[in-house]
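Working notes for the structure below.
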Amino acid sequence: MAVPDMLMLLGWVALATYAQTVTGFAFGLILMGGVVLSGLAPVAIVAILISILSLFNCALALYRNMGNLDREIVLLCSLSGFVTLIFGVWVLDALSGQHVHWLQLILGVAILISSLMLVVHPLPRKTRASRASFLFFGGLSGFMGGMFSTSGPPLVFHFYRQPLSLAVIRDCLLLIFAINSLQRLVIVGVQGRLDTNILLLAVVAIPVVVLFTWLGRRYPPPLTEANLRRVAFLMLFASGLSLCGSALFNA
C-alpha cells in the first residue's frame, strides 16, 4: 500500500476509534464504510483488519474487568453466532469476485439500517427475552460479523431492550464481539488469508487505536449524548447512501 493510502486508512482508523470511544458504537461500520468508499482496500481485507483491531480493542476494555458477565447470554449468542459467521464468510467469498457491486450494496444497506438504530431508542422490556431470541440475534450478529466484521448492531439493539444493568450489557457485548472476532480470524487463518501484509497493517494501526481511544476519553467533543448520536447517524447514513449509490451505478 502506498504511503498516502496508508495515511488515509489510518485516518479512518482514528476517526472510527474516536467515534467508538465517545458513542460506544460503530467502529467497524465507520471503518468499513470509509475504507471501501475511498477505494483503499476490498471488503474482505478490511474485514480481517477490523477483526484484529476489534479483538485488541475488546481485550483492552475487558482486561481485569469481567465481573459483570451473564455467562448464559454470552454462550447462547456465541454459539449461534459461530454457525452463521461461517455462512457470512462464505457469502462474502462468493460475492467478492464477479458480484462485488452487490456486496457493496448489501454493505450500504447494512450501514443505513445500523445508522437508524443509533437514533431509535428501543423500549426496554419488563422481563428478560427468551433464550431463543438471544440465539436469533446472536446468529444475525454472527452473519454480519462473517460478512463485514461488523457484528454489533443486532446485538446492541436487542441487549438494550433487556432489563439488565449497563455494566452487564457492556461487558457481555464486549466479550461476544471479542469471541466473534477471534472466531473469524481462525476461519480466515485456516483459509490461508491471514498473511504478513495484513498483520503488519494491523501492527501499524494498533497504536492509532490506543491513542484515539485515550483522546476520546480525555477530550470528548462538547456535545450531549443525543447530539453525539445524531452526528454518528449522519456520518453513517451518508456513508451507507454513498455506497448504495456507487454500487447501483456500477451495476
Side-chain angles (χ1 to χ4, degrees), residues 16 20 24-33 43-62 65-66 68-96 103 106-107 109-111 113-115 117-118 122 125 128-162 164 166-191 193-194:
Q20 167 88 357
F25 188 79
F27 173 81
L29 291 169
I30 292 174
L31 184 55
M32 176 65 78
V43 173
I45 300 299
V46 186
I48 296 173
L49 178 62
I50 291 173
S51 293
I52 297 173
L53 297 181
S54 294
L55 179 59
F56 174 82
N57 202 16
C58 291
L60 196 64
L62 283 170
N65 189 34
M66 295 179 64
N68 302 301
L69 292 174
D70 187 313
R71 288 169 173 77
E72 182 186 40
I73 292 177
V74 172
L75 182 62
L76 289 171
C77 294
S78 299
L79 286 176
S80 63
F82 180 63
V83 176
T84 53
L85 186 143
I86 296 172
F87 181 60
V89 172
W90 178 82
V91 173
L92 173 63
D93 292 340
L95 295 178
S96 291
L103 182 62
I106 294 171
L107 172 61
V109 171
I111 291 177
I113 294 172
S114 300
S115 70
M117 288 183 178
L118 270 176
R125 296 169 53 97
R128 196 162 102 171
S130 65
R131 292 185 179 92
S133 72
F134 284 101
L135 286 171
F136 172 78
F137 280 96
L140 188 57
S141 176
F143 179 72
M144 284 191 65
M147 282 200 72
F148 305 121
S149 201
T150 55
S151 55
L155 280 183
V156 169
F157 185 81
H158 188 56
F159 267 67
Y160 275 92
R161 292 192 63 210
Q162 308 308 315
L164 300 169
L166 291 179
V168 170
I169 291 173
R170 179 199 62 217
D171 290 354
C172 286
L173 287 175
L174 284 170
L175 183 55
I176 294 168
F177 296 157
I179 293 171
N180 187 282
S181 296
L182 182 60
Q183 290 171 338
R184 197 181 193 286
L185 287 173
V186 170
I187 292 171
V188 297
V190 170
Q191 292 177 329
R193 294 182 354 202
L194 201 60

(request) List the atom of Leu92, the atom of Ala44, and the distance in Å for their closest heavy-atom pair. (result) CD2-CA, 4.0 Å

(request) Taking the side chain as every heavy atom from C-beta outward, state whether Met147 and Leu103 have any pair of such atoms under 4.5 Å apart. (result) yes

(request) Indicate yes or no: at least one non-hydrogen side-chain atom of Leu85 is less than 4.5 angstrom from one of Val89. (result) yes

(request) Report yes if the side chains of Arg193 and Asp93 come closer than 4.5 Å at any heavy-atom pair, otherwise no. (result) yes

(request) Mind checking the CG-CG spacing from Asp171 to Asp70? Nearest 0.5 Å is all I need. (result) 11.5 Å

(message) Could you measure the distance from the CG atom of Asn180 to the OG1 atom of Thr84? Nearest 0.5 Å is fine.
(response) 8.0 Å

(message) Could you tell me if the side chain of Leu164 sits less than 4.5 Å from the side chain of Ile73, heavy atoms only?
(response) yes

(request) Measure the shortest side-chain to side-chain distance between Leu95 and Val43 over non-hydrogen atoms and say whether it is less than 4.5 angstrom. (result) no

(message) Is there a side-chain contact between Leu75 and Arg71 in this structure, where contact means two heavy atoms from C-beta onward sitting under 4.5 Å apart?
(response) no

(message) Rounded at 0.5 Å granularity, tell me how far CG in Leu49 sits from OG in Ser54.
(response) 9.0 Å

(request) Spell out, as yes or no, whether a donor-acceptor pair under 3.5 Å connects the side chain of Arg184 to the backbone of Gly146. (result) yes

(request) Take Ile111 and Leu107 through the side chain to side chain contact (heavy atoms under 4.5 Å, CB included) test and state the conclusion after the steps. (result) CA-CA 6 Å; Ile111 291 177; Leu107 172 61; 3.9 Å; yes

(message) Can you tell me how far apart CD1 (Ile50) and CE (Met32) are? Round to the nearest 0.5 Å.
(response) 4.0 Å

(message) To the closest 0.5 Å, what do you measure between SG (Cys77) and CG (Leu173)?
(response) 8.5 Å

(message) With a sphere of 6.0 Å drawn around CZ of Arg131, does it hold more than 12 non-hydrogen atoms of other residues, nucleotides or ligands?
(response) no

(request) For residues Ile113 and Pro153, determine if any side-chain heavy atom of one lies less than 4.5 Å from a side-chain heavy atom of the other. (result) no

(request) For the residue pair Phe177 and Val156, establish whether any side-chain heavy-atom pair is separated by less than 4.5 Å. (result) yes

(message) If I take atom CD1 from residue Ile169 and atom CG from residue Leu155, how far apart are they, to the nearest 0.5 angstrom?
(response) 11.5 Å

Considering only distance and modelled atom types, tabulate donor-acceptor pairs under 3.5 Å from the side chains of residues 133-144, sequence neighbours left out.
from, atom 1, to, atom 2, distance (Å)
Ser133, OG, Ser130, O, 2.7
Ser133, OG, His158, NE2, 3.2
Ser141, OG, Ser151, O, 2.4

(request) Applying side chain to side chain contact (heavy atoms under 4.5 Å, CB included), name anything that partners Leu182, two or more places apart in sequence or on another chain. (result) Leu55

(request) Apply side chain to side chain contact (heavy atoms under 4.5 Å, CB included) to Leu194 and Ile52, showing your working. (result) CA-CA 10 Å; Leu194 201 60; Ile52 297 173; 4.2 Å; yes

(request) Under the side chain to side chain contact (heavy atoms under 4.5 Å, CB included) rule, collect the residues that match up with Ser78, sequence neighbours excluded. (result) Val74, Ile176, Ile179

